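Reading through the structure tokens given below for one structure.
Residue numbers start from 1 in every chain, and the chains themselves are labelled A, B, ... in the order their sequence lines are given, proteins ahead of strands. Please read these numbers as outputs of a predicted model, since none were measured by experiment. Values below: all heavy atoms of this structure, side chains included; hydrogens, waters and symmetry mates excluded.
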Amino acid sequence: MAHFAELDENNVVTRVIVVHNNELLGANGVEFEEKGIDFCESLFGHRNWKQTSYNGNFKKQFAGIGFTYDSDKDVFIEPSPHPSWTLNENSDWVAPVEKPDESGLEENQYYAWYEDSQTWEIENGPEN
Amino acid sequence: MATTKITSPDLFELQTLDSALQLPSGTTAERPSSATSGEWRFNTDTNEIEFYDGSAWYSIAPASSGGGGGFSVVNQSYAQWVLLDAERPGVFFSNYADFTDIANYTDLSYSGDIFSSGFIGMTSAYNGTCWIVLASNGTNTEVVRSFTGVDWQVITTISGANISASNVLKWNGYAWAFGTNTTTGLFYNTNADASGSWTSVSSAGARGNVIENYNNTQWLRNIDYDNLQVSAGTLPTSFTTIYNPTSDDITGISVVNGGTNFLVLYRGRPSAGSNVGSELREWTSPTGSGTLVLARASFGVGQGILNTAAGTLAGWNSQNAGDEFLTYDGSSTTTQAQTVYGFDSGTQGKVGGSYNGTSTAFTQLGTGKIVSWRSGNDVLSNSGWTGRNFFSVSNAYATITINANEVKSSSLAEAPFTITPNSDRQTVLGTMDFLVQAGGGAGCSGKQNIPYSTGSGGGAGAMMTSYGLVSGGGRKPVPAVSLGAGTYTITVGSGGAGGVDSFGTTQANNGTESSITGPNTSTYKTLPNYVTGDIGCLGGGGGATDGDFSGKFGGCLGGFSRSVVGLTNKGQYQPNGGFPGGFAQQNVVGIPGGSGGGGIGMPGVPAAVTGGSNRDKAAAGRGGDGLFTKITGSLVGTGGGGGGASNFSGYDYSPIQNTYAGFGGGGGGAGGQGGNATVNTGGGGGGGKYQAQAGGSGASGVVVLRIKTSEYSGSTTGSPTVTTVGDDTVLKYTGSGTYVHS
């Protein structure tokens, strides 16, 4: 089965539907994304659809609701975890301050990002 | 006539003669009218020598029973005698003796007590006042027998150390009983028949009173508890125990005469593996007031409570604080009650045991009903019950199954359950039945950098159907669509994306809704599952992991993992679809695994803390059950929640174990990544192991249409699978498409 993500005017994914592979087949038996978009248009009346891979084989990762489609890079980008974070060249979100080396942390400790102070702070995991 | 008195015995020496002395003789009527004490004569009516003791005549006669030899002293008023028999040395009392005052007879043996180096016997007795005093020198063992008329049966063997003046054997009207005193009524026989008579013995140790059984020969524990009748007042106020560690079934226990005392079945386990083969059968309470208590009850494989009688299983409850209410290790049907009343744990009982069977623990196969089912505390909270059905009721139309997970409701009506239709239903002409299953949410990955922070399973997508008897979580079938000319657009939602996000924490994605939009479908927008399409169901919520993420809302909520967020949602039915995911407790001892995602039929199961302080053995929660329909002509299950991950592979809910979880849920991460849910089921993905092992993706949804073949147009897009079932045509859409009705 093929999957297609519906995009709004800001290229944000609003839903991801399943389409039978038969609807993507061209005359030569090869699947085409455009054929799938044609099919989605026949169902929903618009062409704001992009194919996404359930196994993450293309467009970086499987699209989820709230993801954004980057048409330049042809990738789906997940929502930003914090307003100050930016995308790196791999379309992954990174903090404005590099995360400290974690090798010195004790077991059950981790670094958490504090947006207000724009700092990484050591946090303790739940007590056991 | 002159009288010559012989004043010296030597003057009356007759021993050298080989003849006999002729005593005065006559009939009984000819006895001297004014006899003097010490006179003796030969009675020609009885052919016995008799003497006068000053008040009555006594006979000196040869022994008439118990073997030859010896002699007897017969009181003509009481027909009682003592036999000192060379063949059967001992003391005997004859038939119909009325030994109301045993002291009268101690003089009949030498040294003031009844003593025998052999045995003490009584041929029979006719009322409950017969006693034998077991007075001895404290060293000899006495074998006490009762003569049945055919042979001598052992009543009991009493060691010399237990023989004292206060010990007695008592004939209570039906059987012999041995006790330590005569005043407290240690033995109570509730049955008029000698065979199968019962008695209770007080103060038998920690298990309370023990019921012993008289099998017409002797009193024994552990044998033949059949046909016990519990009458009002016959049992002590404290609980009474049937201790049955043998392989004998217990049948025919009943409460009669308004008995209200409860009865404890203690199915003991004196040694491992010795409990196989015992059943409690035919529990009846005609008055409805009797109570059967199963405390610490334990059944073997294939055993349990089997009520084949016409009566009811009434007042089945647990009274003992902290005791295990029921431990069932079996794998087969255990209850066939006509009507089950008051399955009541009280306020103290709990299920502390485990149900390890592979099928239903309690099954009602009759046509009765479950009247009430109440649990005071967390009756079924033990994790050992996870993955199995707890109760099921079947009739010709459906099987209702209550899963052991999260069954804490105060009434059956509120308990989550599944109904599996047993037969197909034909679609009505002019209508279209449907099933809409949304995509499931993804499982959550374990949180990076936090050791042992495991991911919870994703919630299943919501489901709506018009077909069959599907239910669960308050869900009911909705009306079928009235077919109209035009295009029905079918949207099949995808499952939520699993995996690990780029910033090292976790974000499990929701599934996507599925829907049908077309002629006469707009009325379904008023239903709670409405989303975008006319007949729309929300996708499942993604799972969560430690700390800062809660399971997402969706068709069914994703599982929670040790976060206080979402606690108030625990166990609550979500109006958008199915059940919430399980919620692992915070600040508990041990490291719980990820919780299960909610299913459309059942909530997800909270992660257990079976690992204790061992972090590597933290159990995961199982995803909630899905539901089953037969809209396609065969049983189709959808909407299972994803399983949580564990830190130990043995505690993961792998896809195999997920078979028990209903259908469609992805397996939890078996020490690694979470499993993807089964496609086209709307199931939630499994959670991932700690340290950012990826969660599994949710399953895509499915839409099924069923219409009369005579009305089917044959015009579709989206490549549905088209089959026929009877007079109906079934279209199964695993991808989006259309059906154009003309």
_side-chain contact (heavy atoms from CB on, under 4.5 Å) between A:Arg15 and B:Thr491, worked out_ = CA-CA 10 Å; A:Arg15 58 176 166 170; B:Thr491 302; 3.8 Å; yes

*Residue pair A:Val18, B:Thr734: steps toward the side-chain contact (heavy atoms from CB on, under 4.5 Å) verdict*: CA-CA 7 Å; A:Val18 185; B:Thr734 55; 5.9 Å; no

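At a 4.5 Å heavy-atom cutoff, the contact between B:Thr717 and chain A is made by backbone and side-chain atoms alike. Using a 4.5 Å cut-off between heavy atoms, A:Phe67 contacts chain B through its side chain alone, with no backbone atom that close. At a 4.5 Å heavy-atom cutoff, the contact between B:Thr489 and chain A is made by side-chain atoms alone.
Within the model, atoms CD1 of A:Ile17 and OG of B:Ser700 stand 11.5 Å from one another, a figure rounded to the nearest 0.5 Å.
Nearest heavy-atom pair across B:Ala497 and A:Ala63 is CB-O, 4.4 Å. Here the shortest heavy-atom pairing between B:Gly495 and A:Phe62 reads O-CE2, 3.2 Å. Pairing each heavy atom of B:Ser494 with each of A:His3, the nearest pair is CB-CD2, 3.4 Å.
By number of non-hydrogen pairs under 4.5 angstrom with chain A, the leading residue of B:Pro720, B:Ser719, B:Gly496, B:Gly737 is B:Ser719.
Taking non-hydrogen atoms and a 4.5 Å limit, the residue list of residues 38-47 of chain A in contact with chain B, ordered by number, reads A:Phe39, A:Leu43, A:Phe44.
More than 12 non-hydrogen atoms from other residues, nucleotides or ligands lie less than 6.0 angstrom from CZ of A:Phe32.
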